[in-house]
Amino acid sequence: MAAVESAIKDTPLVALPGLGRALVLAGKLGQKAAEDIYRKSQAGKTNFIAELTGSGAVSATDLAHTMSTAFAAPLLDLDAVDPQRLPKGLLDTKLCQAYRIVVLSKRGNRLIVATADPSDQEAAEKIKFATQMGVDWVIAEFNKLSKLVETSTATAAEAMDSIIGNDFEFEESSIDPGAAETADSAVAEVEDAPVVRFLQKMLLDAFSMRASDLHFEPYEHTYRVRFRIDGELREIASPPVAIKDKLVSRIKVISRMDISEKRVPQDGKMKLKVAADRVIDFRVSTLPTLFGEKVVIRILDPSSAKLGIDALGYEPEEKARLLEAIARPYGMVLVTGPTGSGKTVSLYTCLNLLNKPGVNISTAEDPSEINLPGVNQVNVNDKAGLTFAAALKSFLRQDPDVIMVGEIRDLETADIAIKAAQTGHMVMSTLHTNDAPTTLTRMRNMGIAPFNIASSVILITAQRLARRLCPTCKAPADIPRETLLDAGYKEDDVDGSWTTYRPVGCGACNNGYKGRVGIYQVMPITEEIQRIILRDGSSLEIAKQAESEGVRSLRQFGLYKVRLGVTSLEEVLGCTNVS
């Protein structure tokens with residue numbers, strides 16, 4: 001101990017790396033000897049530990065025991081490790097070779113990594129950046145570790161190649177020919193291996209974590225990546241700010257965007273092969289911000305439209321109303337809600353039910369998100385003059401039975417859609433409104449005459465997505481009677497015959513929630529509601545009439561889901577208003 005105190009007093013230890021300082025403090029190596037070996041490793045650009053053990057100053061076994069004691073980390077004899085049983089593809093082979101590390105196992109969101117130098121913060125940070133996971137060190141002897149690295153990285157390299165190989169399916173470039181020279185240089189620049197691997201890992205991680213969106217967000221001194229999982233944004237990674245331009249350029253190249261244009265928003269699409277027979281589509285949107293371009297990538301899973309109407313969360317009464325409406329030969333069915341509330345999936349589920357050999361279905365979207373065989377899908381292109389209105393006019397010349405308009409945004413589109421619904425066609429579309437009754441007011445404010453609304457619209461469904469409680473770990477919640485009444489329950493409802501549940505959290509879910517369930521307000525346009533529309537009544541009158549006819553509001557439907565134990569009261573309160 002006296003030798004250690006003397007070493008601290010006589011010489012500064014900051015010039016040495018953490019491992020060297022630990023050896024000096026433990027009395028295993030003199031200060032001067034440590035500095036000499038360190039200078040030699042720096043001059044020859046060799047590994048400090050390799051110089052230490054190679055010179056005979058410290059044996060690999062002695063070094064491992066010292067590091068285990070100094071850093072309170074477990075010691076492992078690698079002779080007992082089977083290289084074939086090690087996890088494959090979690091870390092880049094070059095990273096493993098450069099820092100002499102081997103991933104032993106994965107536990108939750110942490111990696112168990114074997115190293116001879118637990119003081120190497122640079123290695124820890126690079127592992128965190130590459131995997132978005134924490135690191136728990138296990139100490140191993142340097143010579144055995146080096147041998148294991150060489151035998152394991154060959155297999156790991158093959159695994160990484162399978163991930164970062166030809167995953168992306170490139171299509172013809174849509175880059176402006178006038179910017180060809182700039183584009184060529186940018187393409188060459190973004191073929192940076194770390195950038196390519198990082199992007200592909202983010203996409204694969206988002207898919208495996210059931211994320212719906214990825215957000216790449218630049219700020220003045222930081223850069224962050226967030227996933228929207230079950231409707232909630234979670235920060236996943238904080239890569240270096242320097243990567244932002246290369247990353248955006250890479251995304252633009254594979255999304256067929258103009259990489260020379262950074263001043264205006266752009267939209268694009270790309271594909272990622274996650275299995276030999278499985279390709280996932282992504283919709284990409286860029287937006288210029290103060291400190292660079294923000295990129296949002298939405299994951300489009302075509303299988304979601306084929307799950308069936310029961311998987312969406314409709315209760316029997318609402319389901320019967322919707323199926324009755326879409327089975328009618330003509331009229332307009334509107335699906336309303338904010339962005340990301342599942343409107344497109346609901347529409348495509350309805351189209352899938354109607355998609356039969358004898359039915360002619362045409363859709364106009366911006367852009368088409370889900371590919372459905374048997375449906376004639378058109379991507380709107382405003383620059384080329386192919387607007388929603390132009391597409392609708394063309395549809396009407398081709399004898400359609402069902403028309404789906406991605407969104408009614410203006411009076412012209414609304415006018416053509418209503419005329420189509422009035423002349424023997426089933427028309428489906430979306431609007432951005434808060435609930436079903438206010439949809440009619442919104443259409444009136446767009447300039448549509450009340451008699452046209454009353455004679456064309458046959459049903460409106462408003463929807464939200466609430467997080468679904470994890471069935472494995474949900475627990476009963478003790479909620480006061482007054483709170484339940486304030487939320488919207490009636491006196492007869494809070495009779496103690498049912499149980500509310502709260503999220504807990506386990507290894508199989510996301511903070512107590514797993515997946516999402518729809519909350520719906522399905523409102524048929526009855527004769528009484530038509531009379532209110534014709535006299536230009538307010539949304540409050542329409543809502544009151546709908547309630548008297550048995551239409552549940554979004555809040556009432558959500559509270560019913562709480563009674564069933566499907567979601568929590570907090571979720572319903574967070575996504576609906578009191579009726």
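Hydrogens, waters and symmetry mates are skipped; everything else that's a heavy atom, side chains included, is used.
- Under the 4.0 Å criterion applied to side-chain N and carboxylate O atoms, E315 and K561 are assigned as salt-bridge partners.
- With Q521 as the fixed residue, the side chain to side chain contact (heavy atoms under 4.5 Å, CB included) test singles out one of T336, V551, T461: V551.
- Using a 4.0 Å cut-off between charged nitrogen and carboxylate oxygen, D230 and R516 do not count as a salt-bridge pair.
- Each of K252, R263, K262 was scored for a side-chain hydrogen bond (donor to acceptor under 3.5 Å, both in side chains) with E293, with one residue passing: K252.
- For R563, the CZ atom is densely surrounded, since the number of other residues' heavy atoms within 6.0 Å is greater than 12.
- When the shell of 6.0 Å around CD of E235 is examined, it contains more than 12 heavy atoms from other residues, nucleotides or ligands.
- Nearest heavy atoms, A487 versus L559: O-CD1, 3.7 Å.
- With Q545 as the partner, the side-chain hydrogen bond (donor to acceptor under 3.5 Å, both in side chains) test is satisfied by one option alone out of E547, E549, E541: E549.
- Side-chain contact, Q463 with S346: a donor N or O sits under 3.5 Å from an acceptor N or O.
- Classification of the W498-Y489 ring pair by plane angle, with boundaries at 30° and 60°, yields tilted.
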Stepwise side chain to side chain contact (heavy atoms under 4.5 Å, CB included) check, R409 with D366
CA-CA 11 Å; R409 299 177 179 174; D366 184 21; 3.4 Å; yes

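- In summary, R321 and E317 engage in a salt bridge, as defined by a charged side-chain N under 4.0 Å from a carboxylate O.
- For N360 (side chain) and D399 (main-chain N/O), a donor-acceptor pair under 3.5 Å exists by modelled atom type.
- Look at D478 and R502 and you find no salt bridge, because none of the NZ, NE, NH1 or NH2 atoms lies under 4.0 Å from a carboxylate O.
- A salt bridge links R481 and E491; the closest N-O separation between the charged side-chain nitrogens and carboxylate oxygens is under 4.0 Å.
- A salt bridge links R552 with E318: the distance from a Lys NZ or Arg NE/NH1/NH2 to an Asp or Glu carboxylate oxygen falls below 4.0 Å.
- Salt-bridge check for R444 with D536: passed, with a basic side-chain N closer than 4.0 Å to an acidic carboxylate O.
- Cation-pi contact between K474 and Y501: present, with separation from the ring centre below 6.0 Å and deviation from the ring axis of at most 45°.
- At most 12 heavy atoms of other shown residues, nucleotides or ligands fall within 6.0 angstrom of atom OH in Y330.
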Carefully, step by step, assess R464 and E571 under the rule salt bridge (charged side-chain N to carboxylate O under 4.0 Å, His left out).
CA-CA 11 Å; R464 299 290 188 277; E571 271 297 291; over 6 Å; no

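- Contact detail for N355 and I361: the closest heavy-atom pair is CA-CD1, 3.7 Å.
- Rounded to the nearest 0.5 Å, atoms CD1 (I529) and CG (L534) are 12.0 Å apart.
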